[in-house]
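Right, one structure below, let's go through it.
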Amino acid sequence: MLVALIQGLTEFLPVSSSGHLILLPELTELRDQGQLIDVAVHVGTLGAVIIYFWSDVRLALCGIPQLLRGRLDTAEASLAWNLALATIPAVLAGTALHFTGLSDAMRSVKVIGWTILLFGLVLYWADRTGPETRRSTNWTTRDAVIMGLWQVLALIPGTSRSGITITGGRWLGYGRTDAARLSMLMSIPIIAASGLLLGTEAAFTATPQALRDAAIAAALSFGSALLALWLMMRFLRSASFTPYVIYRAVLGVVLLAIAYGA
């Protein structure tokens, strides 16, 4: 329940859900949640973002058949194409990190402390200096590729996938809610790809009890993620990302003090 709530509440906020999940066993006596639960809570948040942005998801799904017919001249096909392009860099890099074992090597309090702090400051810079002249409905192929490259940085624990892609969107001039919307849509294929890769491995060795726990975790993360999404999107209509940056700065400093003081 604790893992599911942490994942659901932090997945779409720019504060790094993976960083919080890694820190849970690192800073407490709780055992690591394991790969199956990790996948389950991500599937729950995947369901939440699909429901919240269903009109956009339906648009992209309608664009897939058009893409297969070689069309790129409709809003549906353009969105589907841009989401695919934005996903490719992180999928390639993530697969390489997974099979080389480098992803496990970065799961430390010291790494998370630095990434939460530094990339929080980068978000602050982009949010304060980036213009708000562009809208998500005019998302270009060039911008999709650029935001996809920003998303690769999220493979470093503590960076925050939503935080770094929102940073990229603000740097490109998209408004706060528009950058957040594009970031959330970009999460759908990447979470689905990650869940497929890791979930297939975990499901083969899972016991019936483990599968039951995973289903409970997925349901809880779905509910909490839907609430967090609704609150954040409403909040960004009239506020900046500064409160999230302050939270990241405080947490990063505390984690670095723990890491270097141990």
Atom pair [atom1]/[atom2] of [X] and [Y] - distance to nearest 0.5 Å:
| X | Y | atom1 | atom2 | result |
| --- | --- | --- | --- | --- |
| Leu59 | Leu61 | CG | CG | 9.0 Å |
| Met147 | Leu83 | CE | CG | 10.0 Å |
| Leu229 | Phe53 | CG | CZ | 5.5 Å |
| Ile112 | Leu117 | CD1 | CG | 13.5 Å |
| His20 | Leu251 | NE2 | CG | 5.0 Å |
| Ser162 | Leu182 | OG | CG | 13.0 Å |

Do [X] and [Y] belong to the same hydrophobic cluster, where Ile, Leu, Val, Met, Phe, Trp and Tyr are linked whenever their side-chain heavy atoms lie under 4.5 Å apart, directly or via other members?
| X | Y | answer |
| --- | --- | --- |
| Ile51 | Leu185 | yes |
| Ile50 | Met186 | yes |
| Ile191 | Met233 | yes |
| Leu5 | Leu231 | no |
| Val3 | Leu220 | no |

If you look at every heavy atom in [X] and [Y], which pair is closest and at what distance?
| X | Y | answer |
| --- | --- | --- |
| Met232 | Ala180 | CE-CB, 4.3 Å |
| Ile156 | Thr159 | O-OG1, 2.9 Å |
| Trp139 | Ser78 | O-OG, 4.5 Å |
| Ala90 | Ile190 | CB-CD1, 3.5 Å |
| Pro14 | Gly163 | CB-CA, 3.5 Å |
| Ser16 | Ser160 | N-CB, 3.3 Å |

Donor-acceptor pairs under 3.5 angstrom involving side-chain atoms of residues 122-130: please list them, not counting sequence neighbours.
from, atom 1, to, atom 2, distance (Å)
Asp127, OD1, Arg170, NE, 2.9
Asp127, OD1, Arg176, NE, 2.8
Asp127, OD2, Arg176, NE, 3.3
Asp127, OD2, Phe241, N, 3.1
Thr129, OG1, Trp125, O, 2.6

CA sep, side-chain torsions, deciding dist, call: Trp54, Val57, side chain to side chain contact (heavy atoms under 4.5 Å, CB included): CA-CA 5 Å; Trp54 174 243; Val57 172; 3.7 Å; yes
[X] versus [Y]: any side-chain heavy-atom pair under 4.5 Å?
| X | Y | answer |
| --- | --- | --- |
| Phe12 | Met184 | yes |
| Arg142 | Ile146 | yes |
| Tyr260 | Lys110 | yes |

Polar side-chain atom of Thr87 near backbone of Pro189 as donor-acceptor pair, under 3.5 Å: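 No; zero donor-acceptor contacts below 3.5 Å.
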Quick one: does Asp178's side chain have a donor or acceptor within less than 3.5 Å of a partner on Arg135's backbone?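 It does not hold such a pair.
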Per the salt bridge (Lys or Arg N to Asp or Glu O under 4.0 Å) rule, what does the pair list look like for [range], sequence neighbours excluded?
| range | result |
| --- | --- |
| residues 143-160 | Arg134-Asp143 |
| residues 217-233 | none |
| residues 72-101 | Arg71-Asp73 |
| residues 232-250 | none |

Name all residues meeting the side chain to side chain contact (heavy atoms under 4.5 Å, CB included) criterion together with Pro243; count only those two or more places apart in sequence or in a different chain, and write none if there are none.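 For Pro243, the residues satisfying side chain to side chain contact (heavy atoms under 4.5 Å, CB included) (neighbours in sequence not counted) are Phe235, Ser240.
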Using the side chain to side chain contact (heavy atoms under 4.5 Å, CB included) criterion, which residues pair with Pro89? Sequence neighbours excluded.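 Checked Pro89 against side chain to side chain contact (heavy atoms under 4.5 Å, CB included); matches are Leu149, Val152.
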With Thr95, which of Leu97, Leu92, Val91 fulfils side chain to side chain contact (heavy atoms under 4.5 Å, CB included)?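 When side chain to side chain contact (heavy atoms under 4.5 Å, CB included) is applied between Thr95 and each of Leu97, Leu92, Val91, only Val91 qualifies.
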Side chains of residues 63-70: which donor-acceptor pairs under 3.5 Å do they make with residues two or more places apart or in other chains?
from, atom 1, to, atom 2, distance (Å)
Gln66, OE1, Thr74, OG1, 2.3

Check against side chain to side chain contact (heavy atoms under 4.5 Å, CB included), Phe222 and Val41: CA-CA 8 Å; Phe222 169 82; Val41 296; over 6 Å; no
Taking only residues at least two apart or on different chains, which pairs with a member in residues 209-233 satisfy side-chain hydrogen bond (donor to acceptor under 3.5 Å, both in side chains)?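 Of all non-adjacent pairs touching residues 209-233, none passes side-chain hydrogen bond (donor to acceptor under 3.5 Å, both in side chains).
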Pairs in or reaching into residues 183-193: which pass side-chain hydrogen bond (donor to acceptor under 3.5 Å, both in side chains), with residues at least two apart or in two chains?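 Applying side-chain hydrogen bond (donor to acceptor under 3.5 Å, both in side chains) to every pair that reaches into residues 183-193, excluding sequence neighbours, yields Arg161-Ser183, Thr165-Ser183.
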Listed partners of Asp56 passing side-chain hydrogen bond (donor to acceptor under 3.5 Å, both in side chains), at least two apart: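 side-chain hydrogen bond (donor to acceptor under 3.5 Å, both in side chains) list for Asp56, sorted by chain: Arg181.
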Trp81: what forms a side-chain hydrogen bond (donor to acceptor under 3.5 Å, both in side chains) with it, not counting sequence neighbours?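 side-chain hydrogen bond (donor to acceptor under 3.5 Å, both in side chains) check on Trp81 returns nothing, list empty.
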Is the closest side-chain donor-acceptor distance between Thr45 and Glu11 under 3.5 Å?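 No donor-acceptor contact under 3.5 Å links the two side chains.
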For Phe119 and Thr167: C-alpha separation, side-chain torsions, deciding distance, then whether side chain to side chain contact (heavy atoms under 4.5 Å, CB included) applies. CA-CA 9 Å; Phe119 285 114; Thr167 298; over 6 Å; no
